[in-house]
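The structure under discussion appears below in the form of structure tokens.
Both counts, for ligands and for their atoms, begin at 1 and track the order of listing.
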Amino acid sequence: MTMKSTLILVSFLTLVYGTPHSRDLLVHERRDDVPHGFTHKGPAPADQTLTLRLALAHTDVGGLQDALYDVSTPGSSNYGQHLSKEDLAKYVAPTPESAAAVTSWLSENGLSATVLSPAGDWISIETTAAKANELFDAHFSKFVHASGKETVRTLSYSIPASLKSHLDLVHPTVTFPNIELSNMPLASVPLPLSAREPSSDTAPLSCNNYITPKCLQELYGIPSTPATQDGNQLYVTGLEQNYANRADLRAFLTQSRPDMSPNTTFAFQSLDGGQDSQNISEASGEADLDVQYTIGVATGVPVTFISVGNVQDGDANNLLDLTNKLLSQEKVPQVLTTSYGDNEHNISRPLAEKLCNAFAQLGARGTSVLFGSGDGGVSGIQPGNCGRFVPTFPATCPFITAVGGTRLVSPIEVAANLSSGGFSNYFGTPSYQVAAKQAYLANLGQTKLGKSLRGRYNASGRGYPDVSAIAESVLIVTQGESGLIRGTSCSSPIFASVVALLNDGLLAANKTPLGFLNPLLYSEAGMATLTDIKLGNNSGCGTEGFSAVAGWDPVTGLGSPIYSKMASALGL
Ligand SMILES: *[C@@H]1O[C@H](CO)[C@@H](O)[C@H](O)[C@H]1NC(C)=O
Ligand SMILES: *[C@@H]1O[C@H](CO)[C@@H](O)[C@H](O)[C@H]1NC(C)=O
Ligand SMILES: *[C@@H]1O[C@H](CO)[C@@H](O)[C@H](O)[C@H]1NC(C)=O
Ligand SMILES: *[C@@H]1O[C@H](CO)[C@@H](O)[C@H](O)[C@H]1NC(C)=O
Ligand SMILES: *[C@@H]1O[C@H](CO)[C@@H](O)[C@H](O)[C@H]1NC(C)=O
Ligand SMILES: *[C@@H]1O[C@H](CO)[C@@H](O)[C@H](O)[C@H]1NC(C)=O
């Protein structure tokens with residue numbers, strides 16, 4: 001008896017002291033179901049080590065956005081006066097109260113944090129699954145994907161009520177890695193190419209068969225004269241063990257840019273142990289495309305391939321590490337192109353907001369950040385079944401430039417039906433886009449198409465893409481063979497190359513680089529430098545999707561570049 005009551009007493013005590021904070025804990029993020037393809041395989045072992053990232057609230061998110069617009073909006077007195085690392089910190093660093101509240105809560109729980117970002121807004125802790133479950137009232141579990149890959153996640157977590165205004169999120173928790181995407185990076189659908197070599201007298205007709213840098217020079221008026229500014233940097237993101245091969249690049253330049261030295265190559269930067277495999281059988285169509293259509297289009301601009309390792313935790317972590325790395329540099333690259341993404345709803349809203357904010361920071365520092373919009377038309381990153389249209393991220397982040405896809409050179413460039421576009425469910429309409437979007441929606445509302453699409457999209461969200469470029473039948477060399485590739489993975493490096501060449505001219509004229517592009521592109525002067533694409537649509541979800549029309553549309557954005565008009569609008 002005594003024994004028993006002691007036991008009861010002991011266990012009661014355990015209950016009381018074991019979860020002393022539970023009354024203060026508030027659910028912070030949760031998801032209702034396990035994503036398609038994953039199976040719950042029981043709790044994570046109690047002693048399994050977890051590395052969790054904590055995002056502290058920024059001092060002044062509104063201030064950051066104002067500062068970004070201030071340096072990016074033509075006509076503003078601070079246009080082009082991009083922020084230094086120190087200037088930026090005053091908006092982004094957590095307040096001393098937030099930092100103290102989170103650190104003291106961690107140390108009460110026997111944990112110490114490592115700072116991950118230059119402004120101190122991202123920290124990480126290492127703990128066990130058992131401890132994390134207690135701390136965050138979570139159930140970290142093993143989930144196995146159909147591919148066999150295992151991942152540890154929780155379907156919900158809580159944080160103390162007192163930290164609500166100090167701690168934005170904990171990751172990885174409810175956002176799962178998109179393993180399907182890992183096997184199929186945005187775009188890269190290699191098609192066999194007939195043995196024919198491209199002829200050197202590329203008439204417009206052959207550019208309808210396959211696109212080469214020469215076709216793009218003709219179509220968009222891109223100069224072939226080499227850029228001159230060594231300080232100009234065009235960065236190409238490499239994720240998910242996609243490696244760019246130098247021998248493929250050399251073969252591509254020999255074939256498609258005989259006027260350039262075949263020795264022209266990329267610089268390499270490794271992040272999180274990212275590799276630079278030059279084993280030809282590990283060359284990736286995606287990465288080969290990305291370097292071939294930057295080096296081969298932005299003639300003479302220094303290109304860096306940045307390979308991000310640590311693929312275990314998925315793209316969100318990779319993109320976080322990438323932005324933190326670039327933001328920690330005294331000098332940021334003037335252009336960053338990334339051909340990877342995910343469906344917006346696959347990333348939790350707080351995490352998407354935080355990532356989007358990191359892109360805003362890069363923009364404020366002077367980087368033009370471009371992403372492909374995705375390859376599934378209105379059904380998201382890849383074709384799929386859906387009722388409501390599926391927007392893609394980071395394309396829906398209002399602080400990046402999302403590049404959609406087009407096809408054909410003659411008689412006229414039209415929308416590629418793979419071009420993802422639509423409206424965000426997370427981000428509202430940015431000020432620079434209000435007029436363009438309203439004009440589109442007002443017009444759509446009066447059409448039969450508009451009535452048939454009602455309820456499929458969120459008209460209040462940020463519309464994407466912003467611009468577009470060729471996305472079909474693009475010639476590359478990969479693993480020693482020529483092939484045609486399609487996807488907005490082609491469009492982003494092409495548009496990025498145009499921006500990089502314009503920056504070369506600006507730097508040569510002692511002017512500042514373009515930085516965040518959208519306020520300029522959506523201005524009247526900016527729109528006049530683009531070819532408005534008015535034909536085609538982005539089918540998906542069992543519909544024909546949206547239609548490309550005069551003015552901005554959620555298929556091709558404002559249109560494709562006209563280099564000479566862009567250059568003269570910039571006084572070059
Ligand atoms: C991503 O989105 C697709 C399409 O909606 C869905 O089938 C899949 O389960 C999601 N994957 C993850 C990892 O969230
Ligand atoms: C390319 O590099 C090789 C080996 O370094 C050199 O012999 C050759 O002259 C270079 N070609 C050009 C066009 O610079
Ligand atoms: C090259 O990569 C392939 C595929 O990953 C591998 O089987 C092969 O052993 C590698 N070769 C070398 C020399 O590392
Ligand atoms: C999309 O366009 C391609 C050609 O670019 C065509 O083969 C395909 O059938 C089209 N798909 C739909 C759903 O219209
Ligand atoms: C629609 O988009 C807005 C952002 O403009 C968002 O706040 C809202 O939650 C979205 N609605 C749905 C149903 O997703
Ligand atoms: C969508 O595009 C296809 C192929 O280009 C075309 O046949 C169809 O008429 C278009 N639909 C609309 C509604 O514009």
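For Y432 and Y522, the ring centers sit closer than 6.0 Å to each other. Checked against the 6.0 Å centroid criterion, the rings of F371 and F359 qualify as a close aromatic pair. When ring centroids are compared, F546 and F389 come within the 6.0 Å threshold. Centroid-to-centroid, the aromatic rings of F305 and F266 come within less than 6.0 Å. Separation of the F268 and Y243 ring centroids does not fall under the 6.0 Å cut-off.
The atoms of ligand 3 that sit less than 4.0 Å from any heavy atom of S281 are 1 (C), 2 (O), 3 (C). Of all atoms in ligand 1, listed by their number and element, those nearer than 4.0 Å to a heavy atom of P177 are 13 (C). Below 4.0 Å from some heavy atom of N279 lie the following atoms of ligand 3, by number and element: 1 (C), 2 (O), 3 (C), 8 (C), 10 (C), 11 (N), 12 (C), 14 (O). Ligand-side atoms of ligand 1 in range of H36: 7 (O), 9 (O), range being under 4.0 angstrom from any heavy atom. Taking every non-hydrogen atom of E282 and a distance limit under 4.0 Å, the qualifying atoms of ligand 3 come out as 2 (O), 5 (O).
Between D276 and R246 there is a salt bridge, since a side-chain N of the basic residue sits under 4.0 Å from a carboxylate O of the acidic one. Taking the charged nitrogens against the carboxylate oxygens, D466 and R462 do have a contact shorter than 4.0 Å, which makes a salt bridge.
Under the 4.0 angstrom criterion for non-hydrogen atoms, N343 is in contact with ligand 1.
Protein residues lining ligand 5, listed by chain and number: R349, S424, N425, F427, G428, N458, S460, G461 [non-hydrogen atoms, distance under 4.0 Å].
Heavy atoms only, all atoms of each residue included: K451 and G445 are closest at NZ-O, 4.1 Å.
Not counting sequence neighbours, the partners of D32 by the side-chain contact (heavy atoms from CB on, under 4.5 Å) test are R30.
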